[in-house]
There are 2 protein chains.
Amino acid sequence: MTMAGDTRREPPRGGGIAFLLAQIGAQAATLFAERVAALDLTPPQAGLLRAITRQAGESQQWFAKRLGVPPSRFVQLVDSVEQRGLVERRRRPTDRRAYGLYLTDAGEELMKELGKVGRAHEEDITRGLSAEQRAALHEALTHIADGLGLTPEVHPGYRQLR
Amino acid sequence: MTMAGDTRREPPRGGGIAFLLAQIGAQAATLFAERVAALDLTPPQAGLLRAITRQAGESQQWFAKRLGVPPSRFVQLVDSVEQRGLVERRRRPTDRRAYGLYLTDAGEELMKELGKVGRAHEEDITRGLSAEQRAALHEALTHIADGLGLTPEVHPGYRQLR
DNA sequence: TATTGTTATACTCTATAACTATA
DNA sequence: TATAGTTATAGAGTATAACAATA
């Protein structure tokens, strides 16, 4: 099934690895957007829910910085998931300017669905690769991400569905 | 130098291969945008110049479809490089509705610089990977791109520099 | 009537900066 | 005076659809 060593293409695939990464990354982001749309979520909303799962109770400023989103945009993002009953803002008694963010029960439920969607998406992208190829690919990509100074949480490439 | 088999991270890097691809792809696109900005080009302009290099004389419609850009946007794209003297529109005698697109001498010159930029960018991204890792990575990415139905020319992920 | 290229317009997404309430 | 959150506004980028010239 895997066409090992297929380099017969001419002209050669433009731009090599960097071009392929940009091209595939954009397509992966689009496919992910389509998948989470089935849960009535946008990719930024999905990213926020996941971040809250990991760091429940942190302030909006904290999440906004962590996710690389400007505070003004972040407000609307929180509004959108709060109005759907997925996330709660809780005033902090110690500093009444700040809100801590928490998932509601409905939010926790949706996160399970989101986990399934993520696994299906992963399978979509890596379909046809052997376990060895996947391991090597994951290692190479992690190496590149580290070299580019990318941190696991920040995802500058979220894309809305048109 | 390469940290082979580094899977100690916790929590594990989010989303696995698909997430890494989207994250890296976005960053690669941004870095490329910064590099071509040194030539006073945007990524879509660079993509157009490269396409014309390969298929000089084809019509605007042909290129627009090939690059996945709507005709209305394509007009402005051609305008921008024509005004800089990099590209020429030539009316077709056989069908006076259509224009064939050609690089000017200045355009050919700039393409050489663009080639250098592309190679430097490729090195930026793949820095620290062994020759074997690069070959395996290229193969895996080509496989993924084929699986996603991506063609070598179309690049839906061009991103403007902000 | 259909097609190439063009223009006009409207819409989406985003960031900048001003504003409020608390500290 | 400084900070968390919010709101208002303006800009960039994009697509949709109407238009002119040629077939």
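Every value quoted in this text rests on a predicted model; they were computed, and no experiment measured them. Scope of the values below: all heavy atoms of this structure, side chains included, with no hydrogens, waters or symmetry mates.
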For the residue pair B:Thr42 and B:Val36, what are the closest heavy atoms and their distance?
C-CG2, 4.0 Å
For A:Lys116, check side-chain contact (heavy atoms from CB on, under 4.5 Å) against everything at least two apart and list the hits.
A:Glu113, A:Arg119
Results of side-chain contact (heavy atoms from CB on, under 4.5 Å) for A:Arg127 - residues two or more places apart only
A:Glu123, A:Asp124
Which residue lies toward the 5' end of DNA chain C, A:Pro70 or A:Arg91, if each is placed at its nearest nucleotide?
A:Pro70
How does each nucleotide of nucleotides 3-9 of chain D score, in 5' to 3' order, for protein heavy atoms under 4.0 Å: base (B), sugar-phosphate only (S), or none (-)?
BBBBB--
Without decimals, in angstroms, what is the distance between B:Arg92 CZ and C:dT3 C1'?
13 Å
Tell me whether the guanidinium CZ or amine NZ of A:Arg92 lies under 6.0 angstrom from the six-membered ring centre of A:Tyr99 and within 45° of its axis.
no
Can the positive tip of B:Arg54 be found less than 6.0 Å from the middle of the six-membered ring of B:Phe63, inside 45° of the ring normal?
no
Given B:Leu20, which partner from the list A:Ile144, A:Thr142, A:Leu150, A:Leu21 fulfils the side-chain contact (heavy atoms from CB on, under 4.5 Å) test?
A:Thr142
Rounded to whole Å, the CG-C1' distance (B:Leu67 to D:dA15) equals 17 Å
How many whole angstroms separate atom CG of B:Leu77 from atom P of D:dA15?
12 Å
